[in-house]
Amino acid sequence: MKKGFVKIIAGLMAGMLLLGGCNATPKQSEGPHDVPLTITADFTKKENKGNWVTYGDCKITTKDGKAIITDRKASNCGIAIPCPDYRGNTVKATVQATTDNDSLMLSLRYEIFGNVSYVNIAPGMKNDSGVIDITGSIEIPANAENSQIYLEASDVRDITVNSFEVSISGELNNLTGEPVETLSDPSQVASLSAAYADYFKFGVASPATVMTNKNDGFRSLIKTQFNSVTPENELKPDSVLDAEKNLADPAKYNEAPAIHFDAAKPILDFCKENNIPMRGHTLVWHSQTPSWFFYENYDVNGNLASRELMLKRMENYIDSVINWCETNYPGVIYAWDVCNECIDDGGGIRQSYWTQTIGEDFVEKAFEFARKHAPANVQLFYNDYNEYQGSKQDDILALLAPVAAAGNIDGMGMQSHISSGLDVDNYVGAAKRYADELGVVIHITELDVQAPKSVNSMYDQGVYMKKLFTAIIEADKAGVPIECVTVWGLTDDMSWKSSTKPLLFYGNLTPKPAYEGVMCAVNGGEVAKPADWVEPKSDLTPYAEDFEDQKFNGGPRYSSVQKIVGDAYEGDYCLENSEGYAEYDGYAVDVSSFAGHTIHITFAIKSKCDTCKLTADIDGTWPTIAEVATADGEWHFVEADYEVEDGMALQIYWESTDMNPFYLDNVTIEATN
Ligand code: XIL
C-alpha cells in the first residue's frame with residue numbers, strides 16, 4: 001500500500017454503501033476483487049443488469065438490442081456505463097449511435113473527495129451513412145469514486161445507441177479495496193494571492209460542489225490562496241436558462257427567457273460571505289447553451305428563431321442575468337465574459353446557432369447590450385483559447401475592432417490552456433498586442449499547463465511555471481495591464497483535463513512543484529528537485545517501427561484510431577489510421593528525446609485522399625515537415641529532415657487532408673547531428 005493512504009473513514013463508507021447497494025459494493029478494506037477488463041452495455045437487458053444506466057433527466061427504452069433515449073431535458077442527459085472499479089486506469093470507450101443532434105460527446109463523470117468532475121473524452125460527428133462512431137481514451141484519477149462514462153449531445157433530440165463499451169487500456173491497475181487517500185490541510189500553505197498582491201489578482205475556477213462539500217479543505221484552499229473566483233459551469237446558459245419554465249410555456253417566455261440560479265447560488269453566497277470578487281462566465285457561447293434556445297417557441301422540431309426574435313432574447317437574457325446578480329449579490333461580480341470562443345479553429349468567425357439566427361454581428365450586439373445593462377464598474381470581456389497563436393490573434397483583433405471602437409469592451413480574456421513548451425515571450429507578446437491594439441486590460445482566465453511527458457514531469461512543469469510567471473510579472477511591470485490570472489481548477493484531479501495534470505495542487509490538496517514555480521517567480525529561488533529526481537539522459541537511440549510485431553509505439557492524436565492491418569509496404573503488417581473526425585486526428589510519435597537535434601525521417605504512406613502530411617506539433621504551431629500526393633492509392637516512400645526544437649513533449653504526426661484512412665509502414669527516425 002502506498003504511503004499516505006489510510007483506512008477509509010466510516011462516514012464515507014456509509015455513503016458508498018448507500019450509493020452502491022450492500023451486495024454490489026464490496027467493503028474497501030476487504031482487499032482487491034476481480035475486475036472485468038471490458039464492460040459492454042447489453043441493451044437486451046434492463047438498466048443496471050445490462051451494465052448501463054440512465055444519465056440525467058431522460059427516458060431510455062430498449063428495442064432490437066438498441067437503446068433509445070427520449071425526453072432528454074438537457075444536452076448532458078443520456079446514457080452511462082458505470083465503471084467505479086476502473087479508477088487509477090486509462091480506459092478506452094467506444095460508442096456507436098444515430099441521432100438528429102449535430103454532434104455527440106463521450107464524457108467522464110466522477111466524484112472525488114465530495115466534488116464532482118466532468119471531463120470530455122472525445123466528440124463525434126456523423127459519417128456518410130449517418131452514423132456517429134466515437135472512440136476515446138481517458139485516465140481516471142486513482143481517488144475517483146462512482147466513475148461513469150456517458151454519452152451526451154449538443155442538444156435535446158433523441159439518440160439511438162447501437163453499441164457502447166468501456167475497457168481497460170494496457171495492464172489493469174486494480175485499485176479495488178485500496179482505501180482513498182486523505183486530504184491534507186492546506187491552511188498553512190503560503191498564499192498565492194498575497195504573494196502576487198503587487199501585480200494582479202490570483203483567481204481560481206471552482207465548481208459549486210466545493211461550497212456544499214463536507215470536506216472544508218477545498219473552501220479553505222480558496223479562501224487562503226485566491227482573491228478571484230470563476231464558477232466553472234454554473235453561470236453558463238445551460239445552467240442559467242430555466243428549461244422547465246421555458247419549454248412548458250414558450251409563449252410566455254418567447255422574448256424574455258426564464259432564468260434561475262439554482263446551480264450558481266452556493267458559489268455566489270460563498271463569494272459574498274468571504275468577500276471574494278467573482279468573474280461571471282459566460283453570457284454568449286456556442287457551447288453549453290441548449291439548442292432549443294435558438295428555435296421559435298423553443299421547439300427544436302420547428303424553425304430557427306428570426307434575427308429579430310433572437311436579438312430580443314439575447315438582450316433580455318444579458319440584461320436579466322447581469323441584473324439578477326447585481327440585485328441579489330450587489331458588487332460580487334466584477335467582470336463578465338460577454339462572448340466566449342467566437343473564432344473558428346480554421347480561422348474566421350465560428351459558425352453557430354448565433355450566426356445562423358442573428359448573423360455575424362452577434363458579438364457586436366452582445367457587447368452593445370451588455371454595456372447598456374451592466375453597472376458602469378463591471379468590466380466586459382471577450383474570452384478565447386489558442387489566443388496566443390498569430391493567426392488567431394489577427395482574427396480576434398479583427399472581430400473585436402468594431403466592439404472596441406464602440407467603447408463596449410474593457411478586457412481580453414486569454415484562456416491559456418497551454419502546455420509546458422509554449423514560448424513564454426510569444427505568449428506575453430500576445431497579451432501586449434491585445435492591450436495595445438484594443439486599448440483593454442488583460443485577464444488570464446483559464447490557465448492550465450499540460451505537464452510534459454518527461455521523466456521528471458512534475459519538476460519540469462514547476463520549472464516551466466517559474467519561467468511563465470516570471471515573463472508575466474515582467475510584462476506587467478513593463479505596463480501590460482494584466483489585472484488577473486485565474487487557474488482553471490483547484491486540483492489536478494478536479495481539472496477538466498485531469499489526465500494532463502495541469503494545475504498547482506495535487507488531488508489531496510498538497511502544493512505541487514508547479515505551485516512552487518509560481519511562488520519562485522515572485523519571491524525568487526528555484527524549484528526544489530524532488531527526492532526521486534533522475535538525471536535525464538539525452539537519448540538519441542534511432543526510432544524504427546515496421547509493425548511486424550503487430551504493435552505500435554506512437555498513439556492517436558485526438559479521436560483517431562490505430563489498427564494493425566495487412567497489405568503492407570514491406571512484410572506482412574502496416575498501421576492503419578482511421579475514424580478521425582478532423583484531418584489532424586492522425587498518428588503521433590514523441591520526438592522529445594531528439595530535442596536540439598536534426599532528425600532524418602523515412603516512412604512509407606498510402607491513402608485514397610489527395611494529400612497526406614507529416615507535421616510537427618510544437619505548442620500552437622504545426623509546421624509541415626513533408627507533404628505527399630496520395631490520390632493514386634499507391635504506397636509512397638518519403639524522406640524528410642526536421643530540426644527538433646529544444647523543449648519538452650515534442651511530437652510529430654501523420655495526417656490525411658480529407659480524413660480518409662491512411663496506412664503507414666517502415667518508419668525510421670534518426671539524429672543526423
Ligand atoms: C469546461 C469545464 O471545465 C468542464 O467542467 C465542462 O464540462 C466543459 O467546460 N473553455 C471555457 C470553459 O470557456 O468554460 C470550459 O470549461 C473549458 C474551455
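Predicted, not measured: the structure shown is a model, and the values here were computed from it. We use all heavy atoms of the structure for the numbers below, so side chains are in, but hydrogens, waters and symmetry mates are not. Each residue takes its place number in the sequence, starting with 1.
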Distance-only polar pair, side chains of Tyr329 and Asp269, donor-acceptor under 3.5 Å: yes
Treating Thr500 as the side-chain partner and Lys497 as the backbone partner, does any N or O pair qualify as donor plus acceptor under 3.5 Å? yes
Do NZ/NE/NH1/NH2 and the carboxylate oxygens of Lys236 and Asp238 come within less than 4.0 Å? no
Between Gln288 and Asn233, do the side chains contain an N or O donor and an N or O acceptor separated by less than 3.5 Å? yes
Drop me the distance from Asp57's CG to Glu244's CD, to the nearest 0.5 angstrom. 8.5 Å
Tell me, do Phe218 and Leu183 make a side-chain contact under 4.5 Å, heavy atoms counted? yes
Counting only heavy atoms not in Lys223, do more than 12 fall under 6.0 Å of its NZ? yes
Around atom NZ of Lys73, are there more than 12 heavy atoms of other residues, nucleotides or ligands at under 6.0 Å? yes
If we ignore angles and hydrogens, is there a donor and acceptor under 3.5 Å between the side chains of Asp337 and Thr282? no
Heavy atoms, side chains only, cut-off 4.5 Å: are Val449 and Leu503 in contact? no
Between Asn254 and Arg313, do the side chains contain a donor N or O and an acceptor N or O under 3.5 Å apart? yes
Asn408 and Glu364: side chain donor to acceptor below 3.5 Å: no
I need the Lys312 NZ to Arg307 CZ distance, nearest 0.5 Å. 12.5 Å
Sub-6.0 Å ring centroid separation between Phe381 and Trp336: no
Keeping Ser416 on the side-chain end and Met414 on the backbone end, is there a donor-acceptor pair under 3.5 Å? yes
Go through it in stages, so that I can follow the logic: the residues are Glu232 and His281, the test is side chain to side chain contact (heavy atoms under 4.5 Å, CB included), and I'd like the CA-CA distance, side-chain angles, deciding distance and then a yes or no. CA-CA 8 Å; Glu232 191 174 351; His281 174 78; over 6 Å; no
Find the distance between CD1 (Ile396) and CD1 (Ile343) and round it off to the nearest 0.5 Å. 6.0 Å
Could you tell me if Asn246 and Asp242 have a donor-acceptor pair between their side chains, going purely by distance under 3.5 Å? no
Parallel, tilted or perpendicular, judged at 30° and 60°: which one describes the rings of Phe202 and Phe226? tilted
Among side-chain atoms of His417 and Gln450, is any donor-acceptor pair under 3.5 angstrom? no
Look only at the side chain of Arg87 and the backbone of Ile140, and say whether a donor-acceptor pair between them is shorter than 3.5 Å. no
Do Ser498 and Asp492 have side-chain N/O donor and acceptor atoms under 3.5 Å apart? no
Is it the case that Asn383 and Trp285 place a side-chain donor and acceptor less than 3.5 Å from each other? no
Okay, side chain of Ser352, backbone of Trp354: is any donor-acceptor separation there less than 3.5 Å? yes
Closest non-hydrogen atom pair between Val53 and Ile60, with its separation: O-CD1, 4.3 Å
How about Trp324 and His260: are their ring centres within less than 6.0 Å of each other? no
Verify whether one side chain among Asn213 and Asn215 offers a donor that lies under 3.5 Å from an acceptor in the other. yes
For a side chain to side chain donor-acceptor pair (under 3.5 Å) check, start with the C-alpha distance between Asn340 and Asp384, then their side-chain angles and the critical distance, and finish with the verdict. CA-CA 6 Å; Asn340 197 28; Asp384 214 329; over 6 Å; no
Determine whether Asp410 and Arg371 satisfy the following criterion, salt bridge (charged side-chain N to carboxylate O under 4.0 Å, His left out), listing intermediate values before the conclusion. CA-CA 10 Å; Asp410 305 303; Arg371 183 61 96 211; 2.9 Å; yes
A side-chain contact here means heavy atoms from C-beta on lying under 4.5 Å apart; do Arg109 and Ser147 qualify? no
Contact check, side chains of Tyr385 and Lys392, non-hydrogen atoms, under 4.5 Å: yes
Can you tell if the side chain of Tyr317 reaches within under 4.5 Å of the side chain of Leu241, non-hydrogen atoms only? yes
Are Gln225 and Val204 close enough that some pair of their side-chain heavy atoms sits under 4.5 Å apart? no
Working for salt bridge (charged side-chain N to carboxylate O under 4.0 Å, His left out), residues Lys45 and Asp42: CA-CA 6 Å; Lys45 296 205 177 109; Asp42 181 348; 3.4 Å; yes
Do Arg72 side-chain atoms and Gly78 backbone N/O form a donor-acceptor pair below 3.5 Å? no
Has Asn51 got a side-chain atom pairing as donor or acceptor with Thr40's backbone, closer than 3.5 angstrom? yes
Shortest non-hydrogen separation from Cys271 to Val332 and the atoms involved: CB-CG1, 3.9 Å
Modelled atom types, side-chain donor and acceptor of Thr491 and Asp493, under 3.5 Å: no
Whether Lys201 engages the ring of Tyr334 as a cation-pi pair (distance to the six-membered ring centre under 6.0 angstrom, angle to the ring normal within 45°) should be assessed. yes
Report yes if the side chains of Asn143 and Phe113 come closer than 4.5 Å at any heavy-atom pair, otherwise no. yes
Can you tell me how far CG of Asp155 sits from OG1 of Thr99, rounded to the nearest 0.5 angstrom? 7.0 Å
Is there a side-chain contact between Thr90 and Ile138 (heavy atoms, below 4.5 Å)? no
Hey, is the main chain of Leu309 close enough, under 3.5 Å, to the side chain of Glu255 for a donor-acceptor pair? no
Surrounding CD of Gln356 (heavy atoms of other residues, nucleotides or ligands, distance under 6.0 Å), is the total greater than 12? yes
One pair to check against side chain to side chain contact (heavy atoms under 4.5 Å, CB included): Leu151 and Tyr55. What are the steps and the verdict? CA-CA 8 Å; Leu151 183 67; Tyr55 187 91; over 6 Å; no
Tyr253 and Lys245: CA distance, side-chain angles, deciding distance, side chain to side chain contact (heavy atoms under 4.5 Å, CB included) verdict: CA-CA 8 Å; Tyr253 299 109; Lys245 278 194 186 159; 3.6 Å; yes
Residue pair Lys501, Glu139: steps toward the salt bridge (charged side-chain N to carboxylate O under 4.0 Å, His left out) verdict: CA-CA 11 Å; Lys501 317 219 175 325; Glu139 192 183 321; 3.4 Å; yes
Sub-3.5 Å donor-acceptor pair from the side chain of Asn89 to the main-chain atoms of Val91, do we have one? no
Could you grab the distance from atom CD1 of Ile222 to atom CZ of Phe270, nearest 0.5 Å is fine? 4.5 Å
Could you walk me through whether Glu165 and Lys92 pass salt bridge (charged side-chain N to carboxylate O under 4.0 Å, His left out), step by step? CA-CA 8 Å; Glu165 190 173 281; Lys92 184 176 150 189; over 6 Å; no
Going from CD1 on Ile322 to CG on Leu283, what distance comes out if it is rounded to the nearest 0.5 angstrom? 5.5 Å
Does Asp319 reach the main-chain N or O of Glu315 with its side chain, forming a donor-acceptor pair under 3.5 Å? no
Any side-chain donor paired with an acceptor under 3.5 Å for Glu152 and Asn76? no
Polar side-chain atom of Asn274 near backbone of Ile276 as donor-acceptor pair, under 3.5 Å: no
Return yes if a side-chain donor-acceptor contact under 3.5 Å exists between Glu47 and Trp52, otherwise no. no
